[in-house]
Structures are given as structure tokens and as C-alpha cells.
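First listed ligand is number 1; within each ligand, the first listed atom is number 1.
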Amino acid sequence: MAKDALTITDQRTNTTYEAPVELGAIRAMELRKIKANPDDFGVMTYDPAFMNTAFCKSSITFIDGEKGILRYRGYDIETLAEHCTYLQVAYLLLFGELPNAQQEKEWVRDITHHTMLHENTKHFIDGFRYDAHPMGILASTLAALSTVYPEAKNIHDPANRQKQIVRLIAKMATLAAFSYRHRRGHPYVYPDNDLTYTENFMNMLWRMTEPKYVASPVIAHALDVLFILHADHEQNCSSTTMRVIGSAQTDPYLAMAGAAAALAGPLHGGANEEVLRMLDEIGSLKNVPAYIKRVKAGEIKLMGFGHRVYKNYDPRARIIKAVAEEVFDVTGHNDKLDIALELERIALQDDYFVSRKLYPNVDFYSGIIYQAMGFQPDMFTVLFAIPRAAGWLAQWNEMVQDPEQKIARPRQIYTGINHRKFPAGQEEKSAVKVG
Ligand code: ACO
């Protein structure tokens, strides 16, 4: 009878071992039992970039990269984008269920009442140079919040964790908007509790002298959908960073500063900014074939294409493409969309991209929408970070409560010099002379 186990024969010793297969994986520690001799450390796995390593068990987000499926807590991303608000989805990610009417009322009230920043934090943002990258401002200010809420380090107290989660989700929009206003030299706009999460974000970004900000419903809806699509993506680089830092029992503000730093990289959340630079560089439709040629020659990458997990169309890119049409009806046509569509059309027919299963990812169209809304490219990753806070916190909260988790500490395969003698005479040369 078939058994859920692997039989491994060590040909060095001719010994056979059995490793149980649980949920499609074997525990790496099973391999440690395989030793060439009693003094041997045991076999490890070598997996640079975690290509085939499950770092945790998680019940938050499911991705089938081959089929292009993304689900939060079992719900298809398409359904959530169509029927929910970002705050409902954040609740779902964090607590496992969509909120009922009473829960939603309390959740929205709690978030709304935590959007203010401590005035000292505001002054901290003031200290950045006028041209500071807003992701740098965001990551640094998240770290600074750790000094405002020192009790956040009590990570094993569920009520305390809940309080920091509410604060962080609420304040992300304020931090993002303040970093935007700082860059433009405009006075900060304080939150308006009459507005929804997304409308209030727009208010903090764009209100000038008018006494009450009135948000465009199309732009507010588009931003809300973009927030839903970006809210979580299981063990991506920044969520893994959040878990790794959090595993040292660091408070969630410092852990999130690290997650934001990971997101800022051009191979992760920084890709949407790069997509816009790429479209600017291409400039016009006639230059698209020559650009594709350079990509195929390995000179450059087609930014916004390819994904570690999706080997099919990223479902988020499909939804974003539809949102782009709605936004352009309000903001007017953007030539960059034509270039992007042409890049996609050529790439999806070309063997280079087809054979490598390279499809547009979430970043391919999001930057074009953000630009049409009036954002400079360096704000794009900040817009990604606002809703990803929900995912980072859900992953962190799950990790803290997981009895199997400990401080994250991988192994290495040492390839340096084993042992050598210190060069004769060197001790005296480097000794500090006192007196
Ligand atoms: N343009 C051209 N070629 C590409 C691209 C691309 N965007 N992405 C991958 N390839 C090629 C690689 O050169 C490689 O070719 P080879 O087999 O001939 O060497 C092959 O496709 C496989 O690519 P890998 O780099 O092994 O794939 P990996 O899973 O490591 O990388 C990544 C995924 C980082 C997303 C990559 O596709 C990339 O750099 N894309 C552009 C940046 C981007 O859009 N990032 C956003 C990702 S979504 C997100 O983080 C929110």
C-alpha cells in the first residue's frame, strides 16, 4: 500500500531513511538524520532565494501560479475586487472572515480614529530633504513610530497586537500622504473622519484651500480596487522580511519598516516605478519592436513582466487593466497605455516570453493608472505599501501565534578558508600604542 513518505538511500553509507510527506513537503530536519558518519552534521538542503522551501504554514492567501489563481482566505481576488472595500478585505485577511455589519462598523470606526500622527512624527517627516524618496520617508517613519508606541514590543499580548495592527493600517495612509505633501512642499492635510479610508487618503493628498474635500467616485473606487489587489501575496520578499524580523520578537513598527524596505527594491514593489521609466524610454509605439529586441538579447528586462510564482497571466493585472479604462474615462487618454498594450501584444506572441512563461504582473499597468491620477513614479511603491500593510500584519500575527515558529535563522554552506595561521609579525604592526 502507498505510503505518504519518501524513501531515501544514502549511497555513501548504503543506509535507507524514511521521511514522511506532510502537505506535500518533507521536513528539512528529517534530512539532518542522514549522516555519513556519527560525527557528521547531517544533510542540509541548499536553496538560494528559497526557490523550493516552504517557510511556514499559512491560511491567509492561496496562489496557483500555473493557473493564475489568487485567493484571500478562500475568496477569489476577482470577487473581492468587485464586491468589497479595502477595509473589508483587510479585516478578512487579518481575522479570517469578512466582517458582519456590526464588526465592520467597529472596524471602520477604529481605523478612522487612529489615522492621526503624533505631532513629533510629523516633525520627523519635516526633517527630510525636499527631494527625499517617499519610500525612504515611509520606511524611516514606520521605524520611528516604534519610539512613539513602546508598548508595541509586548507582542505576546493579543489585545496589544490588535491595537498596533489598527494603528498601523490607519496611519499608513497618513504617512504616505504626508510623504507626498512633503515632496511637493505643501502643508500636511489632517485626516477627515467623515470620509472613507480611500477618500480620506485622497483628501490628505490633494485638498488645497477648499474647506471640504470631495473625492471623485471613479478615482476613489479605482484606488480602493488597487488597494484590494495589493493587500497580500503570501510569502513574497517583503512579507518574508516581516516574518523574519518579527521572528526575533521585534515590534511590528520596526518589522514593517524592514518589510517596506524590501518592497522598495526594483525587483519587488519598486517595479511599477521602473515600468513608467521604461515606457518613457520607449517613448512611442514605433520603438516597441527595437526595445523587445534588446530585452531578448538579454541587455534589459521588460519591467512589469515575469513573476516567481505566476507562470500564467497575473489575475491582478487583468483586473487592473479594466480599472485603467475607467480611470482614463475621467482623466483622459494616456499614450503610455498604448505602448504598454503593444508591448504586451508582441510579448505574448513571442517565443522568448512564451517559452519562459513571462506574462504581465501586477506592476505592469498599475503605474500607468497612478500616473494618470497625478502621482510621480516615486510614489507608486508607497501606494503599494499602504494596503500591503494588511498582508504584512496578517502574516506577522499568524507567525506570532504559530507554535512551530522560532527565530528565523538559516544555515549556510561555508566555502571560505578552513583555518590558517595569523601572519608572523602582524600582531605588533596592528597593536594600538598607548602613551
Ligand atoms: N524580461 C525579460 N526576461 C525576463 C524577465 C523580464 N521581465 N523576467 C524573467 N526573464 C527571463 C530571465 O532572464 C530568465 O531567462 P533565462 O532562463 O534565459 O536565464 C527567465 O526569464 C527566468 O527568469 P528568472 O529571473 O529566473 O525568474 P525569477 O523567478 O527569479 O524572477 C522576477 C522573477 C524577479 C519578477 C523577474 O521576472 C523580473 O525581474 N521581472 C521584472 C521585474 C518585475 O516586474 N518585478 C515585479 C514582480 S511582481 C511584485 O513583486 C509585486
Just going by heavy-atom distances, which of Tyr310, Tyr352, Phe364, Phe305 is nearest to atom 40 (N) of ligand 1?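 Comparing heavy atoms across Tyr310, Tyr352, Phe364, Phe305, the nearest one to atom 40 (N) of ligand 1 lies in Phe305.
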May I ask you to decide if the ring planes of His307 and His233 are parallel, tilted or perpendicular, using 30° and 60° as cut-offs?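 The arrangement is perpendicular - the two ring planes meet at more than 60°.
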Please verify the inter-ring angle class for Phe201 with Phe375; under 30° counts as parallel, over 60° as perpendicular, anything in between as tilted.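 Parallel, since the angle between the ring planes stays under 30°.
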List in chain and number order the residues that pass side-chain hydrogen bond (donor to acceptor under 3.5 Å, both in side chains) with Gln376, two or more places apart in sequence or in another chain; answer none if no residue qualifies.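 So Gln376 forms no side-chain hydrogen bond (donor to acceptor under 3.5 Å, both in side chains) with any residue.
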Verify [atom]: protein non-hydrogen atom under 4.0 angstrom away:
atom	answer
atom 44 (O) of ligand 1	yes
atom 35 (C) of ligand 1	yes
atom 31 (O) of ligand 1	no
atom 21 (O) of ligand 1	yes
atom 49 (C) of ligand 1	yes
atom 26 (O) of ligand 1	no

Checking His182 side chain against Phe178 main chain: does a donor-acceptor pair fall under 3.5 Å?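 Not a single qualifying donor-acceptor pair exists.
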Please indicate whether Asn52 has more than 12 foreign heavy atoms, meaning atoms of other residues, nucleotides or ligands, lying under 6.0 Å from its CG.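 At most 12 heavy atoms, drawn from other residues, nucleotides or ligands, come within 6.0 Å of this atom.
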How about NZ on Lys163, more than 12 heavy atoms from neighbouring residues, nucleotides or ligands closer than 6.0 Å, or not?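 Result for NZ/Lys163: open.
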How does His233 reach ligand 1, if at all, at less than 4.0 Å between non-hydrogen atoms: by side chain, backbone, both, or neither?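 Within the 4.0 Å criterion, His233 makes no contact with ligand 1.
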Using 4.0 Å as the upper bound for N to carboxylate O, is an ion pair formed by Glu151 and Arg167?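 Yes, Arg167 and Glu151 are salt-bridged.
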With a 4.0 Å cut-off on heavy atoms, is Phe384 touching ligand 1?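 It does, in that a heavy atom of Phe384 comes within the 4.0 Å cut-off of ligand 1.
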For ligand 1, find out whether one of its N or O atoms is nearer than 3.5 Å to an N or O atom of Leu358.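 Min N/O separation from ligand 1 is not below 3.5 Å for Leu358.
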I need the atoms of ligand 1 closer than 4.0 Å to a non-hydrogen atom of Leu267, numbered in the order shown.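 The atoms of ligand 1 under 4.0 Å from a heavy atom of Leu267 are 39 (O), 45 (N), 46 (C), 47 (C), 50 (O).
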